[in-house]
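Worksheet: the structure to be examined is printed underneath.
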Amino acid sequence: MRLLVIGHGRMGRLVEQLAPGYGFEVAGALDAVDNPGGAGITRERCQGLEVAVDFSTPEATLATGPKLAALGVNLVVGTTGWQAREAELRQAVLAAGIGAVVAANFSLAANLLDALTQSAGRLFAGAEGYGAFIHEAHHQAKKDAPSGTALMLRRALERGGYTLPVDVSSTRAGWIPGTHTVGFDGPAETLTLAHTVRDRATFAHGALAAARWVVGRHGWFSMRDVLGIEG
Ligand code: NAD
């Protein structure tokens, strides 16, 4: 199976390195110079490609994704910060009949945290006097804040039926690969659910597992679909 890497930064390089372990041959890696406004996506380049894995920028994802979809290439998108325009890419994916896995976080444990957060939202929905918060910390080069994962966790609380305000805060410093904490604070106690990344290779492993899973599927999927997490 042939795979194209979109965005040759921290994440793209890891995907390129680890792809052979998932049965993929890397057909190429496009970065800003090769792919301004999605110009690197040509019919020739996409011939025989099963899937493209995108860890780039919001602008690049929105320019590149619809072109890849139209050429029949399945997508795995990890880029964050473009979800306000998600409908554009979703429409292109559904119109083309390809498969796409889109996730703000590809790590297994972060997706389990998402499921646990949904349950916690349900359990705390009726708990009077408790306030909810989400805190995330990342390296100083991360562009979007709050992180896509923090927004995903806020949606999980809502899905669980939690309707009270949730304080969401961000820290950007040094080299932190990513931590997310969901907390509930009451008059005399605090409950926290926390996820800490020690090595961002965990995201690349998840994205490559998603790439293998999406080949032959049609539709718009999340990492929960890939992992078989219900709810
Ligand atoms: P990075 O800055 O190291 O890499 C991004 C790369 O995209 C850069 O090399 C940049 O030159 C390139 N790029 C810019 N324009 C492009 C274009 N038109 N075509 C192709 N490439 C282009 O960032 P990173 O740490 O690798 O993260 C990339 C994205 O992935 C960010 O949005 C980040 O939040 C997200 N991320 C998601 C997950 C997840 O699990 N979903 C995990 C880590 C990072």
Side-chain angles (χ1 to χ4, degrees), residues 3-19 26-42 45-46 49 51-68 73 75-86 89 100-114 136-153 155 170-180 195-211 213-214 221-227:
L3 173 150
L4 181 65
V5 175
I6 310 293
H8 205 214
R10 280 174 290 261
M11 284 307 306
R13 280 194 285 267
L14 281 169
V15 169
E16 183 181 37
Q17 252 173 47
L18 297 170
V26 177
L30 297 181
D31 206 66
V33 277
D34 322 292
N35 189 38
I41 308 304
T42 59
R45 182 166 268 133
C46 292
L49 268 188
V51 62
V53 179
D54 177 338
F55 284 94
S56 60
T57 65
E59 302 71 35
T61 295
L62 287 164
T64 305
K67 286 181 119 183
L68 286 162
V73 181
L75 296 175
V76 171
V77 181
T79 308
T80 56
W82 58 279
Q83 272 71 10
R85 290 174 62 191
E86 184 180 291
L89 184 55
V101 181
V102 178
N105 196 311
F106 277 103
S107 94
L108 168 66
N111 283 280
L112 296 181
L113 173 63
D114 190 53
E136 54 98 352
H138 282 87
H139 56 88
Q140 61 201 5
K142 182 168 176 61
K143 295 188 182 91
D144 52 324
S147 66
T149 305
L151 298 175
M152 171 178 99
L153 294 170
R155 279 196 302 277
S170 304
T171 294
R172 296 286 174 268
W175 302 93
I176 307 167
T179 69
H180 290 87
H195 177 251
T196 306
V197 174
R198 284 193 303 275
D199 182 345
R200 56 173 61 86
T202 188
F203 303 126
H205 283 293
L208 285 161
W213 181 90
V214 80
F221 302 103
S222 72
M223 200 53 188
R224 277 186 169 211
D225 297 314
V226 176
L227 295 170

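As the structure lists them, so they are numbered: ligands from 1, and atoms in each ligand from 1. Values below: all heavy atoms of this structure, side chains included; hydrogens, waters and symmetry mates excluded.
When the options Glu136, Gln140, His139 are evaluated for a side chain to side chain donor-acceptor pair (under 3.5 Å) with Arg172, the one that passes is Glu136. Each of Val76, Val5, Ile6 was checked for a side-chain contact (heavy atoms from CB on, under 4.5 Å) with Asp54, and the lone residue meeting it is Ile6.
Side chains of Val197 and Phe203 form a contact here, defined as non-hydrogen atoms less than 4.5 Å apart. The closest side-chain heavy-atom distance from Leu89 to Pro66 is below 4.5 Å. Two residues are said to be in side-chain contact when any heavy atoms from C-beta on lie closer than 4.5 Å; Val226 and Phe106 fail this criterion. Side-chain contact between Leu4 and Leu30 is present, with heavy atoms from C-beta onward closer than 4.5 Å.
Within ligand 1, the atoms closer than 4.0 Å to a non-hydrogen atom of Gly7 are 7 (O), 20 (C), 21 (N), numbered from 1 in the order shown. Close approach of ligand 1 to Leu30 is summarised as follows: ligand atoms under 4.0 Å from at least one heavy atom of the residue are 20 (C), 21 (N). Residue Met11 approaches ligand 1 through these ligand atoms, each under 4.0 Å from one of its heavy atoms: 26 (O), 43 (C), 44 (C). Taking every non-hydrogen atom of Thr57 and a distance limit under 4.0 Å, the qualifying atoms of ligand 1 come out as 14 (C), 15 (N).
With respect to atom 13 (N) of ligand 1, the closest heavy atom belonging to the protein is Ala32 N, 3.8 Å. Phe55 CE2, 3.5 Å is the protein heavy atom nearest to atom 38 (C) of ligand 1.
Pairs of residues two or more places apart, or lying in two chains, never qualify as salt bridge (Lys or Arg N to Asp or Glu O under 4.0 Å) while including a residue from residues 195-206.
Taking only nitrogen or oxygen atoms, main chain and side chain alike, Thr80 reaches within less than 3.5 Å of ligand 1. Of the N or O atoms in Lys142, one or more lie within a sub-3.5 Å distance of an N or O in ligand 1. Inclusion of Arg10 in the set of residues having an N or O under 3.5 Å from an N or O of ligand 1 is warranted. For Ala60, no nitrogen or oxygen atom sits less than 3.5 Å from a nitrogen or oxygen atom of ligand 1, counting backbone and side chain alike. For ligand 1, the polar-atom distance check finds an N/O of Phe106 within less than 3.5 Å of one of the ligand's N/O atoms.
Side-chain contact annotation: His180 with Ser147, donor-acceptor N/O pair under 3.5 Å present.
Between Ile41 and Asn35, the shortest heavy-atom distance links the atoms N-OD1, 3.8 Å.
Summarising the contacts of atom 31 (C) of ligand 1 with Gly78, Ser56, Gly81, Gly9, the nearest heavy atom is found in Ser56. The heavy atom nearest to atom 9 (O) of ligand 1, out of those in Val77, Asp31, Asn35, is found in Asp31.
By the 4.0 Å heavy-atom criterion, His8 is counted among the residues contacting ligand 1.
When the salt bridge (charged side-chain N to carboxylate O under 4.0 Å, His left out) test is applied to Lys142, the partners found at least two apart in sequence or on another chain are Asp144.
Contacts of Ala207 with ligand 1, taken as heavy-atom pairs under 4.0 Å, are absent altogether. In Ala104, the part holding a heavy atom less than 4.0 Å from any atom of ligand 1 is the backbone.
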